[in-house]
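Throughout, a chain's letter reflects where its sequence line sits, starting with A, and its residues are numbered from 1. On a predicted model such as this, the values are computed, not experimentally measured, just so you know. Computed from heavy atoms alone, side chains included, the values below leave out hydrogens, waters and symmetry copies.
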Number of protein chains: 2
Amino acid sequence: MKSAPPPVASPRETVALKLLVVLSRAAASVHGHVMADIATHGLTPAEFGVLEALHHKGPLLLGDLQRKILVSSGGITFLVDRLTAKGLVERKACPEDGRARYATLTRKGEALIARIFPTHAARVAEAVAGLTRTEQEQAIHLLRTLGRAADATLPENSE
Amino acid sequence: MKSAPPPVASPRETVALKLLVVLSRAAASVHGHVMADIATHGLTPAEFGVLEALHHKGPLLLGDLQRKILVSSGGITFLVDRLTAKGLVERKACPEDGRARYATLTRKGEALIARIFPTHAARVAEAVAGLTRTEQEQAIHLLRTLGRAADATLPENSE
DNA sequence: TTTGGTTATCTCAGGACTGAGCGATTTTAC
DNA sequence: GTAAAATCGCTCAGTCCTGAGATAACCAAA
């Protein structure tokens with residue numbers, strides 16, 4: 001004699017909630033692989049992100065770096081401080097803007113990222129190998145659309 | 001006279017790395033929506049996860065709860081402590097196992113989650129509205145496959 | 001029963017990061 | 001040319017959470 005549970009969510013919401021769950025779990029799982037790799041080199045994911053960004057883009061203003069790896073303003077200062085203490089990154093003055101600073105890789109930092117990046121790439125490929133190449137490309141397309149749309153409707157991003 | 005950059009990654013790895021990026025960004029964007037909603041009720045995402053899980057599954061052993069919301073063993077103790085202090089959750093002894101504890105919602109906790117869940121569901125639906133219903137179902141399928149496979153190849157998960 | 005191995009939770013020290021607010025600089029408007 | 005507004009990075013107090021170890025309870029075998 002049990003009564004049916006109340007319809008707490010419409011079908012549309014049910015699908016959306018399921019998508020949220022699998023998205024979070026997939027991201028966490030893949031992240032787990034990546035972290036395990038990165039941690040063996042004594043780096044946090046955020047530190048690795050900084051090194052990777054500088055490796056591929058060259059010197060970057062701290063603000064650009066911040067937006068790229070998605071940390072707070074205090075976070076990027078903290079990260080660059082720590083990487084500087086490790087001798088992997090340096091700050092350079094920006095000639096056009098006295099407020100801004102460039103972050104650049106030192107020789108040692110460049111050598112480190114060049115050494116560990118190939119392993120990282122292989123590990124990522126392995127982590128996503130559950131999908132075929134075609135499926136990966138489908139997923140990329142869907143996730144890019146999803147991410148863009150979600151960003152656009154975020155309140156604080158007025159643009 | 002610039003030489004071509006060295007092939008740092010194979011095409012397979014390039015696709016995998018791109019997938020990692022869009023996956024992380026999509027998860028972060030959707031997470032942003034959810035957090036903004038949850039924070040207005042004075043809850044952290046992890047706290048909300050606990051309430052949501054108990055709301056839908058009923059009383060749960062702490063260990064099951066821990067695996068469900070993906071926190072460390074210390075984390076689940078901390079979360080249940082804090083929710084207990086807020087009067088939203090209680091611990092109950094487990095008759096069959098003296099080591100284990102159930103977490104259950106209090107009246108107040110049940111009332112809170114019942115009140116805020118509909119808004120949450122609507123917000124999630126809005127956050128993923130950049131994809132059509134069909135696309136959402138494709139994404140769910142792909143992400144579920146991806147997550148499962150990634151978990152299975154994670155070293156510490158032997159099963 | 002006793003012993004040892006597992007499992008479930010808790011304790012606690014510490015780390016990564018946030019976010020509000022600050023000074024310094026640049027840009028814009030008058 | 002100067003005052004107001006915006007932008008950049010930094011400081012710092014505080015938060016959430018991790019992870020290694022401790023404690024207690026269960027279970028199987030001798």
*Degree of bending, the helix from C:dT1-D:dA30 to C:dC30-D:dG1 (end axes from five pairs; round to 10°)*: 20°
*So do B:L20 and A:V128 actually touch side chain to side chain, heavy atoms under 4.5 Å?*
no
*asked:* Test: salt bridge (Lys or Arg N to Asp or Glu O under 4.0 Å). Region: residues 100-109 of chain A. Which pairs qualify, not counting sequence neighbours?
replied: none
*asked:* Under a 3.5 Å distance rule, please check whether A:T106 uses its side chain to pair with a backbone N or O of A:L88 as donor and acceptor.
replied: yes
Under 3.5 Å, which donor-acceptor pairs link side chains of residues 74-84 of chain A to any protein atom two or more places apart or in another chain?
{"from": "A:T77", "atom 1": "OG1", "to": "A:S73", "atom 2": "O", "distance (Å)": "3.4"}
{"from": "A:D81", "atom 1": "OD1", "to": "A:R91", "atom 2": "NH1", "distance (Å)": "3.1"}
{"from": "A:D81", "atom 1": "OD1", "to": "A:R91", "atom 2": "NH2", "distance (Å)": "3.0"}
{"from": "A:R82", "atom 1": "NE", "to": "A:E47", "atom 2": "OE2", "distance (Å)": "2.7"}
{"from": "A:R82", "atom 1": "NH2", "to": "A:E47", "atom 2": "OE2", "distance (Å)": "3.4"}
{"from": "A:T84", "atom 1": "OG1", "to": "A:V80", "atom 2": "O", "distance (Å)": "2.6"}
{"from": "A:T84", "atom 1": "OG1", "to": "A:V89", "atom 2": "O", "distance (Å)": "3.4"}

*Examine distances only and state if a side-chain atom of B:E135 and a backbone atom of B:T132 form a donor-acceptor pair shorter than 3.5 Å.*
yes
*Would you mind reading off the distance between B:L62 atom CG and C:dC10 atom C1', rounded to a whole angstrom?*
10 Å
*asked:* In whole Å, I'd like the distance from the CE atom of A:M35 to the P atom of C:dA16.
replied: 13 Å
*asked:* Whole angstroms only, please: what is the CG-C1' distance between B:L65 and C:dT7?
replied: 17 Å
*5′-ward residue of the pair A:L70/B:R91 relative to DNA chain C*: B:R91
*Using a cut-off of 4.0 Å on non-hydrogen atoms, how would the nucleic acid contact of B:S73 be classed: base, sugar-phosphate, or nothing?*
base
*When all nucleic acid strands are considered with a 4.0 Å heavy-atom cut-off, which category describes A:G75: base, sugar-phosphate, or nothing?*
base
*Which is the 5'-most and which the 3'-most nucleotide of DNA chain D that has an atom under 4.0 Å from a heavy atom of chain B?*
D:dC16 to D:dC26
*Among residues 79-89 of chain B, which residues get a heavy atom nearer than 4.0 Å to DNA chain D?*
B:L79, B:R82
*asked:* Filter on side chain to side chain donor-acceptor pair (under 3.5 Å), then keep only pairs touching residues 60-71 of chain B, sequence neighbours left out; what's left?
replied: B:D64-B:R67
*Contact check, side chains of B:L142 and A:V22, non-hydrogen atoms, under 4.5 Å*: no
_Please enumerate all residues that pass ring pair (Phe, Tyr, Trp, His ring centres under 6.0 Å) together with B:F48, with sequence neighbours excluded._
B:H120
*Where along residues 93-106 of chain B does a heavy atom come under 4.0 Å from DNA chain C, residue by residue in number order?*
B:R99, B:A100, B:R101
*asked:* If I compare all heavy atoms of A:I38 with all of A:L43, which pair ends up nearest, and what's the gap?
replied: CG2-O, 3.1 Å
*Who pairs with B:R25 by side chain to side chain contact (heavy atoms under 4.5 Å, CB included), at least two apart in sequence or on another chain?*
A:L70, B:V21
*Identify, with sequence neighbours excluded, every residue that meets salt bridge (Lys or Arg N to Asp or Glu O under 4.0 Å) alongside B:E110.*
none
*Measure the distance from CZ on B:F78 to C1' on C:dA13 and round it to the nearest whole Å.*
14 Å
*Which residues pass the salt bridge (Lys or Arg N to Asp or Glu O under 4.0 Å) test with A:R99, sequence neighbours left out?*
A:D97
_Applying ring pair (Phe, Tyr, Trp, His ring centres under 6.0 Å), can you list everything that pairs with A:H31, at least two apart in sequence or on another chain?_
none
